[in-house]
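Reckoned from all heavy atoms, side chains included, excluding hydrogens, waters and symmetry mates.
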Amino acid sequence: MKILVLSDHESKSLYDYYTPEKLKDIDLIISCGDLKASYLTFFATFSKAPVFYVMGNHDVRYLDNPPEGCTCIEDDIVTFRGVRILGLGGSMEYIPDSRNQYTEKKMARRIRRLWWKLWRHKGFDILVTHAPAREVNDLPDLPHQGFSCFRDLMDKYSPKYFLHGHIHSNYGNAFKREDKYGNTVVVNGYEYCIIDYPEIP
């Protein structure tokens with residue numbers, strides 16, 4: 001199963017120079033946040049694949065004008081072709097009481113509220129967030145710090161993939177397209193990338 005991961009920066013290759021051939025083999029599209037609603041609506045319109053998304057720290061505009069034809073997976077577990085996908089958007093809180101920004105404690109509280117969904121689905125296979133996990137390709141400054149509770153989730157449930165954004169490719173050595181944390185493949189979806197997820201028999 002081919003999954004197109006999007007985040008933070010619009011791709012000229014996919015958007016300005018779009019051709020149907022570029023999306024024809026894509027089975028699922030996942031946005032990790034900080035993209036215009038109209039950009040996600042474009043993919044929902046011109047691809048046969050469903051579009052799932054979480055919100056980035058700059059996506060407050062989604063509240064009034066959400067992406068059309070797309071599914072928000074914030075604080076939820078959705079299943080696609082047998083793959084369980086958990087969504088937790090937002091970033092570390094660097095402006096007090098701002099929307100889509102959370103302290104470590106607030107993010108941990110969001111996760112605790114998911115206990116029933118986690119139990120009912122027996123965990124999850126893909127974790128989708130905007131921010132990275134703490135000390136897994138994050139940055140030391142508060143706006144770009146990751147969450148320790150994301151590492152706790154990976155420690156407990158060992159998902160196959162952790163997809164995030166927020167750390168841009170021009171941030172220097174902190175940017176890694178792919179990394180590993182325990183049994184989990186960590187992917188930074190900045191701009192776009194495609195992952196091959198093994199089909200469930």
Q. After noting the C-alpha distance and the side-chain angles of Glu104 and Met92, does the key distance pass the side-chain contact (heavy atoms from CB on, under 4.5 Å) rule?
A. CA-CA 7 Å; Glu104 180 73 40; Met92 189 65 74; 4.1 Å; yes

Q | Beyond-backbone contact of Asn57 with His166, side-chain heavy atoms, under 4.5 angstrom | A | yes

Q) Glu74: what forms a side chain to side chain donor-acceptor pair (under 3.5 Å) with it, not counting sequence neighbours? A) Arg110

Q | Asn188 side, atom CG; Cys32 side, atom SG - distance, nearest 0.5 Å | A | 8.0 Å

Q) If you look at every heavy atom in Gly165 and Ser7, which pair is closest and at what distance? A) CA-OG, 3.3 Å

Q: Give the minimum heavy-atom separation between Ser91 and Ala131, together with the two atoms involved.
A: CA-CB, 4.0 Å

(Q) For a quick test of reading the model, state the closest non-hydrogen atom pair linking Leu28 to Ile26 and the distance between them. (A) O-CG2, 3.4 Å

Q) CG/Leu118 to CZ/Arg84 distance, rounded to the nearest 0.5 angstrom? A) 9.5 Å

Q: Step by step, work out the side-chain contact (heavy atoms from CB on, under 4.5 Å) result for Tyr18 and Leu23.
A: CA-CA 9 Å; Tyr18 164 78; Leu23 298 178; 3.6 Å; yes

Q) Does a side-chain heavy-atom distance below 4.5 Å link Phe150 with His164? A) no

Q: Using the rule that two of Ile, Leu, Val, Met, Phe, Trp, Tyr join whenever any of their side-chain heavy atoms come within less than 4.5 Å, decide whether Leu114 and Phe162 are in one cluster.
A: yes

(Q) Which label fits Tyr190 and His168: parallel for a plane angle under 30°, tilted from 30 to 60°, or perpendicular past 60°? (A) tilted

Q. Under 4.5 Å between any side-chain heavy atoms of Leu40 and Tyr62, yes or no?
A. yes

Q: Give the C-alpha distance, both sets of side-chain angles, the deciding distance and a yes or no for side-chain contact (heavy atoms from CB on, under 4.5 Å) between Thr184 and Leu127.
A: CA-CA 10 Å; Thr184 302; Leu127 174 59; over 6 Å; no

**Q.** Heavy-atom side-chain contact between Leu88 and Val54 under 4.5 Å
**A.** no

Q.
A side-chain contact here means heavy atoms from C-beta on lying under 4.5 Å apart; do Ile85 and Val128 qualify?
A. yes

(Q) Please determine whether a side-chain nitrogen of the Lys or Arg among Lys156 and Asp152 lies less than 4.0 Å from a carboxylate oxygen of the Asp or Glu. (A) no

Q. Linking I/L/V/M/F/W/Y whenever their side-chain heavy atoms sit closer than 4.5 Å, directly or via other members, would Ile126 and Val78 fall into one cluster?
A. yes

Q) In Å and rounded to the nearest 0.5 Å, what is the CD1 to CG distance from Ile95 to Asn100? A) 11.5 Å

Q: Evaluate whether atom NZ of Lys48 has more than 12 neighbouring non-hydrogen atoms of other residues, nucleotides or ligands under 6.0 angstrom away.
A: yes

Q: Work out which heavy atom in Phe147 is nearest to a heavy atom in Gly90; give both atom names and the distance.
A: CE1-O, 4.5 Å

Q.
Assigning hydrophobic clusters by single linkage (Ile, Leu, Val, Met, Phe, Trp, Tyr; side-chain heavy-atom cutoff under 4.5 Å), is Leu86 placed with Val51?
A. no

Q.
To the closest 0.5 Å, what do you measure between CD (Gln101) and NE2 (His58)?
A. 8.0 Å

Q.
Counting neighbours of NZ on Lys160 that are heavy atoms of other residues, nucleotides or ligands and sit closer than 6.0 Å, is the number greater than 12?
A. no

Q. Parallel, tilted or perpendicular for Tyr197 and Tyr161, by the 30°/60° rule?
A. tilted

Q: Determine yes or no for a side-chain-to-main-chain donor-acceptor pair under 3.5 angstrom, with Arg151 supplying the side chain and Arg134 the backbone.
A: yes

Q | Spacing of Lys117 atom NZ and Ile77 atom CD1 [to the nearest 0.5 Å] | A | 7.5 Å

Q. Is there a donor-acceptor contact under 3.5 Å from the side chain of Ser11 to the main chain of Glu191?
A. no

(Q) Can you tell whether the side chains of Asp27 and Lys2 come within less than 4.0 Å, N to carboxylate O? (A) no

Q. Going through the distances and angles, do Tyr17 and Lys22 end up as a side-chain contact (heavy atoms from CB on, under 4.5 Å)?
A. CA-CA 10 Å; Tyr17 305 110; Lys22 292 180 180 180; 4.1 Å; yes

Q) Is the number of heavy atoms from other residues, nucleotides or ligands within 6.0 Å of CZ (Arg99) greater than 12? A) no

Q. Would you call Phe124 and Leu153 a side-chain contact if the rule is heavy atoms closer than 4.5 Å?
A. yes

Q) Is the count of non-hydrogen atoms from other residues, nucleotides or ligands lying under 6.0 Å from Lys176 atom NZ greater than 12? A) no

Q) Is any side-chain heavy atom of Leu4 closer than 4.5 Å to a side-chain heavy atom of Leu14? A) yes

Q: Report whether Val186 and Leu139 are members of the same hydrophobic cluster (ILVMFWY, side-chain heavy atoms less than 4.5 Å apart, transitive linking).
A: no

Q | Asp59-Tyr53 side chain donor-acceptor pair, cut-off 3.5 Å | A | no

Q: Please assess Asp155 against Tyr181 for the test side-chain hydrogen bond (donor to acceptor under 3.5 Å, both in side chains), listing each intermediate value before the final yes or no.
A: CA-CA 9 Å; Asp155 289 338; Tyr181 179 84; 2.9 Å; yes

Q | Non-hydrogen side-chain atoms of Pro132 and Asn137 separated by less than 4.5 Å | A | no

Q) Taking atom NZ of Lys12 as the centre, does the number of heavy atoms from other residues, nucleotides or ligands within less than 6.0 Å exceed 12? A) no

Q | Distance (rounded to the nearest 0.5 Å) between Cys193 SG and Ile3 CD1 | A | 10.0 Å

Q: Can you see which heavy atom on Pro50 is nearest to which on Phe80, and at what distance?
A: CG-CE1, 3.5 Å

**Q.** Whether over 12 other heavy atoms sit under 6.0 Å from Tyr102 OH
**A.** yes

Q) Are Tyr192 and Leu163 connected, step by step, through hydrophobic side chains (Ile, Leu, Val, Met, Phe, Trp, Tyr) whose heavy atoms are closer than 4.5 Å? A) no

